[in-house]
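Index from 1, following the sequence. The model shown is predicted, which means the values in this text are computed figures rather than measured ones.
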Amino acid sequence: MVYKLYCDNNLLYHSNIENLKIFNASVELELNKTGSFDFELQQDHPYYSRMEQMKSILRLYQDDYLLFRGRVLDEEIGWRNERKLHCEGDLAFLLDSKQRPFTFTGTPAEVLAYVLELHNAQVEEEKRFLPGNVTVEGLLTVTREDYPTTKETLEKALIEPLGGYLITRYENGVAYLDYLSEITLLSPQKITFGKNLLDLKRFRKGADIVTALIPLGAKLKDAEGNDTGKRLTIEAVNGGADYVQDEEAIAQHGVIVDKVFFDDITDAATLKATGEADLAQRVNRWESIELSAADLAMVGQDVASFHLATQVEVQSVPHGLKQRFIVSKLKINLHKSTN
């Protein structure tokens, strides 16, 4: 496996080229987070002085796969003038613009396009994103009055009410921002007990159990535009009931009701679908599994490496486990063979 790091258009690091070395390099990636890349650069490196904080664009490749794209956030100069660099992923580019007060009604795809247009008008070309693939559905009325960053706007307007994943994608020199309802790409590499499964822990928390949920949407106004003190409910599209429930969960745990607010949802059908999705996520949270595995691609086996935002099949007979999990967090040490 070959790693290559570019700073703008300069090849800064190649794992097979002796005079293009970096040290203590590690990547940490997480869904809906900016992610990070840390490394050290010695003073005798030919491009030691080329990187400009917050401006230079770094691209780290794992063979031909773009593993990380971002910029230098923090820097420390050591005793021997080595540069210790902490970089943040390109989702952080959305922190560089502010959204002026606005109200916008539309689908998630339309909201994403509108917000990105406002972002792109404020920043340099290398920090712009085109709207990418959108698989989340619904209808929203988004109102922002407090000059949030674009990243905060997308989190509040899309992720909090509707869930899903914001994923940056870089193709043919163009950066896209996808908004996906679920992760469907399956990794060809499996995690198997006795082969590459290193550790597994299960967590079960009774306080997290919810079996019925009351979803509450945007605040309702009267004909004069005054606040009525009420919120949109799902009764009109749910047979008169203002809640959704999971029958299988109720049979196992009993009726445990909670409420959730979705301030930007103005459509009852969207509110019901969002409430059902939120309840399903809570059901899945009752038991969480944390595992670590060796990446067989790192030790020369002919198999694709693990990537963020993919599903991986996990099989462990001793744990009674045969299930697919989303790679939601990934840590890689570039100078070691496991992650």
Side-chain angles (χ1 to χ4, degrees), residues 30-33 108 135-138 155 158-165 180-187 190-217 231-265 267-293 306 308-330:
E30 186 173 356
L31 285 174
N32 287 339
K33 305 292 184 181
T135 60
V136 180
E137 299 179 350
E155 289 171 345
L158 298 177
I159 299 298
E160 288 190 10
L162 299 178
Y165 308 95
L180 307 179
S181 60
E182 57 184 352
I183 301 299
T184 59
L185 187 64
L186 181 62
S187 171
K190 297 180 180 180
I191 298 175
T192 308
F193 181 85
K195 188 175 183 181
N196 60 342
L197 178 62
L198 302 179
D199 191 24
L200 186 147
K201 298 177 182 178
R202 296 176 186 262
F203 303 90
R204 292 172 175 158
K205 296 183 179 180
D208 294 337
I209 296 177
V210 175
T211 61
L213 194 64
I214 304 171
L216 299 167
R231 286 180 175 267
L232 176 70
T233 68
I234 62 172
E235 293 169 278
V237 295
N238 196 45
D242 66 350
Y243 60 92
V244 293
Q245 62 186 24
D246 187 304
E247 297 293 348
E248 184 176 334
I250 289 175
Q252 184 176 1
H253 300 287
V255 177
I256 305 172
V257 184
D258 197 5
K259 68 180 185 300
V260 60
F261 296 104
F262 302 108
D263 291 329
D264 292 325
I265 296 182
D267 175 71
T270 299
L271 181 62
K272 180 183 177 182
T274 305
E276 290 172 336
D278 189 84
L279 179 59
Q281 287 185 350
R282 297 193 186 204
V283 168
N284 291 333
R285 275 195 221 116
W286 299 344
E287 178 180 272
S288 61
I289 296 178
E290 180 181 299
L291 59 86
S292 59
F306 295 125
L308 191 73
T310 60
Q311 291 191 38
V312 176
E313 186 172 321
V314 180
Q315 298 180 2
S316 177
V317 174
H319 299 99
L321 187 64
K322 185 177 181 181
Q323 189 174 340
R324 290 180 180 177
F325 292 89
I326 293 174
V327 181
S328 59
K329 183 182 291 187
L330 188 64

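- Across all non-hydrogen atoms, the minimal contact from I234 to A268 is CG2-O, 4.0 Å.
- The shortest side-chain heavy-atom distance between L200 and F193 does not fall under the 4.5 Å cut-off.
- Closest approach of L31 and A309 over heavy atoms only: CD2-CB, 3.8 Å.
- The line from NZ of K272 to OG1 of T274 is 12.0 Å long, rounded to the nearest 0.5 Å.
- The nearest pair of heavy atoms linking L330 to F306 is CD2-O, 3.7 Å.
- Expressed to the nearest 0.5 Å, how far OH of Y243 lies from CD of E235 amounts to 10.5 Å.
- Atom CG of L232 is separated from atom CG of D242 by 11.5 Å, given to the nearest 0.5 angstrom.
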task: Carefully, step by step, assess L321 and R202 under the rule side chain to side chain contact (heavy atoms under 4.5 Å, CB included).
output: CA-CA 11 Å; L321 187 64; R202 296 176 186 262; 4.1 Å; yes

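- The CG atom of L308 lies 11.0 Å from the NZ atom of K329; values are rounded to the nearest 0.5 Å.
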message: If you apply the rule side chain to side chain contact (heavy atoms under 4.5 Å, CB included), what do you find for L158 with V136, and how did you get there?
response: CA-CA 9 Å; L158 298 177; V136 180; over 6 Å; no

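- Here the closest heavy-atom approach between residue P215 and residue G275 is recorded as CB-CA, 4.0 Å.
- Side-chain atoms of Q311 and E313 form no donor-acceptor pair, as typed in the model, at a separation below 3.5 Å.
- Going from atom CD of Q245 over to atom CG of L213 covers 11.0 Å, rounded to the nearest 0.5 Å.
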message: If you apply the rule side chain to side chain contact (heavy atoms under 4.5 Å, CB included), what do you find for L197 with Q315, and how did you get there?
response: CA-CA 9 Å; L197 178 62; Q315 298 180 2; over 6 Å; no

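- Nearest heavy atoms, Y165 versus I159: N-CD1, 4.3 Å.
- The shortest side-chain heavy-atom distance between L216 and T233 falls under the 4.5 Å cut-off.
- The side-chain heavy atoms of T135 and T184, taken from C-beta on, include no pair separated by under 4.5 Å.
- Counting only heavy atoms from C-beta outward, the side chains of L162 and P108 approach each other to under 4.5 Å.
- Under the 3.5 Å distance criterion, the side-chain polar atoms of N196 are matched with a main-chain donor or acceptor of K190.
- We find that D258 and R282 are joined by a salt bridge, their nearest charged nitrogen and carboxylate oxygen being less than 4.0 Å apart.
- Counting only heavy atoms from C-beta outward, the side chains of V312 and F325 never approach each other to under 4.5 Å.
- At a threshold of 4.5 Å between non-hydrogen side-chain atoms, the residues V314 and H319 do not count as touching.
- Checked by atom type and distance alone, the side chain of N32 pairs as donor or acceptor with a backbone atom of G164 at under 3.5 Å.
- Between the CG atom of L291 and the CD1 atom of I191 there is a distance of 5.0 Å, given to the nearest 0.5 Å.
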